[in-house]
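Okay, structure first, notes after.
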Amino acid sequence: MPDDRFTVSFLPEGKSVRVRSGTTLLTAARSAGVHIPVRCEGKMGCLMCKVTLNSVESGVLPPAEGERRKLGGSLEQGVRLACQAKVCGEVTVTTPEDPLKRAVRLQLERQKQADEDFWG
Ligand code: FES
């Protein structure tokens with residue numbers, strides 16, 4: 001019997017999970033313990049679940065009309081809605097940076113730059 005399970009890997013978390021073909025990336029992320037914050041729970045209302053495929057020719061099914069309309073040109077950059085994109089092969093995706101972690105990282109970068117400017 002053919003195995004219909006595929007590995008989905010998440011960056012930058014470095015976590016992966018094996019899921020059945022047809023599983024959404026959002027469900028796979030939750031199974032892997034990767035947090036993707038959402039508000040609409042898969043109704044294509046919040047657009048907070050955007051992830052980037054590391055290869056556009058990757059192991060997810062092509063977008064349906066609704067997802068295509070929501071994402072427009074960013075589809076060409078490999079952006080997909082995790083709640084809609086369904087696994088059909090091995091795939092690696094990059095998840096968005098947590099807003100709090102991003103704020104801390106930017107603050108640290110600004111502080112480092114200020115220190116370098118001051119001390120030379
Ligand atoms: S979960 Fe809201 S658009 Fe995907």
Side-chain angles (χ1 to χ4, degrees):
M1 195 168 110
D3 187 5
D4 72 339
R5 291 178 162 269
F6 300 101
T7 301
V8 182
S9 303
F10 295 92
L11 298 174
E13 291 85 356
K15 293 181 176 173
S16 61
V17 65
R18 277 183 78 72
V19 296
R20 283 199 184 289
S21 178
T23 303
T24 66
L25 291 176
L26 184 59
T27 300
R30 288 175 174 167
S31 299
V34 173
H35 179 63
I36 299 177
V38 298
R39 290 217 181 102
C40 78
E41 286 303 323
K43 298 187 181 84
M44 284 196 288
C46 69
L47 306 186
M48 292 172 68
C49 65
K50 286 180 189 173
V51 295
T52 305
L53 306 177
N54 282 32
S55 159
V56 177
E57 307 295 324
S58 69
V60 294
L61 293 173
E65 184 54 33
E67 186 185 7
R68 198 175 284 283
R69 236 182 301 117
K70 292 280 181 184
L71 291 176
S74 46
L75 275 168
E76 286 155 30
Q77 279 110 52
V79 175
R80 296 294 302 269
L81 295 177
C83 67
Q84 302 298 313
K86 293 192 173 113
V87 175
C88 65
E90 308 290 315
V91 59
T92 299
V93 302
T94 300
T95 59
E97 190 174 22
D98 178 84
L100 183 60
K101 283 186 188 162
R102 176 181 154 77
V104 170
R105 180 177 58 75
L106 291 175
Q107 180 61 36
L108 289 173
E109 283 173 10
R110 274 195 295 270
Q111 186 61 49
K112 186 174 178 232
Q113 187 61 51
D115 286 351
E116 283 172 9
D117 290 348
F118 185 78
W119 296 105

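Start at 1 and go down the list; that is how both ligands and their atoms are numbered. For the single chain, residues carry numbers from 1 onward in sequence order. In this text, all values refer to a predicted model and were calculated from it rather than measured experimentally.
Residue Met44 comes nearest to Glu67 through the heavy atom pair SD-N, 3.7 Å, listed as atom of the first residue, atom of the second, then distance.
Under the 4.0 Å criterion applied to side-chain N and carboxylate O atoms, Arg30 and Glu41 are assigned as salt-bridge partners.
Annotation: atom 3 (S) of ligand 1 to nearest protein heavy atom, Leu47 N, 3.2 Å. Of all protein heavy atoms, the one closest to atom 1 (S) of ligand 1 is Gly42 N, 3.3 Å.
Proximity to Val38 (heavy-atom distance under 4.0 Å) selects the following atoms of ligand 1: 1 (S). Atoms of ligand 1 lying under 4.0 Å from any heavy atom of Met44, numbered from 1 in the order shown and given with element: 3 (S).
For atom 2 (Fe) of ligand 1, the N/O/S atoms of Cys40 include one lying under 2.8 Å. Under 2.8 Å from atom 2 (Fe) of ligand 1 lies no N/O/S atom of Cys49, from backbone or side chain alike. Atom 4 (Fe) of ligand 1 has an N, O or S atom of Cys83 under 2.8 Å away, backbone or side chain.
If you check the side chains of Gln107 and Arg110, you find a donor sitting under 3.5 Å from an acceptor. Side chains of Thr24 and Gln84: a donor-acceptor N/O pair is absent below 3.5 angstrom, by distance only.
At least one donor-acceptor pair closer than 3.5 Å links the side chain of Glu90 to the backbone N or O of Thr7.
One hydrophobic cluster, built from ILVMFWY side chains closer than 4.5 Å, cannot hold both Leu11 and Val87; they sit in different ones.
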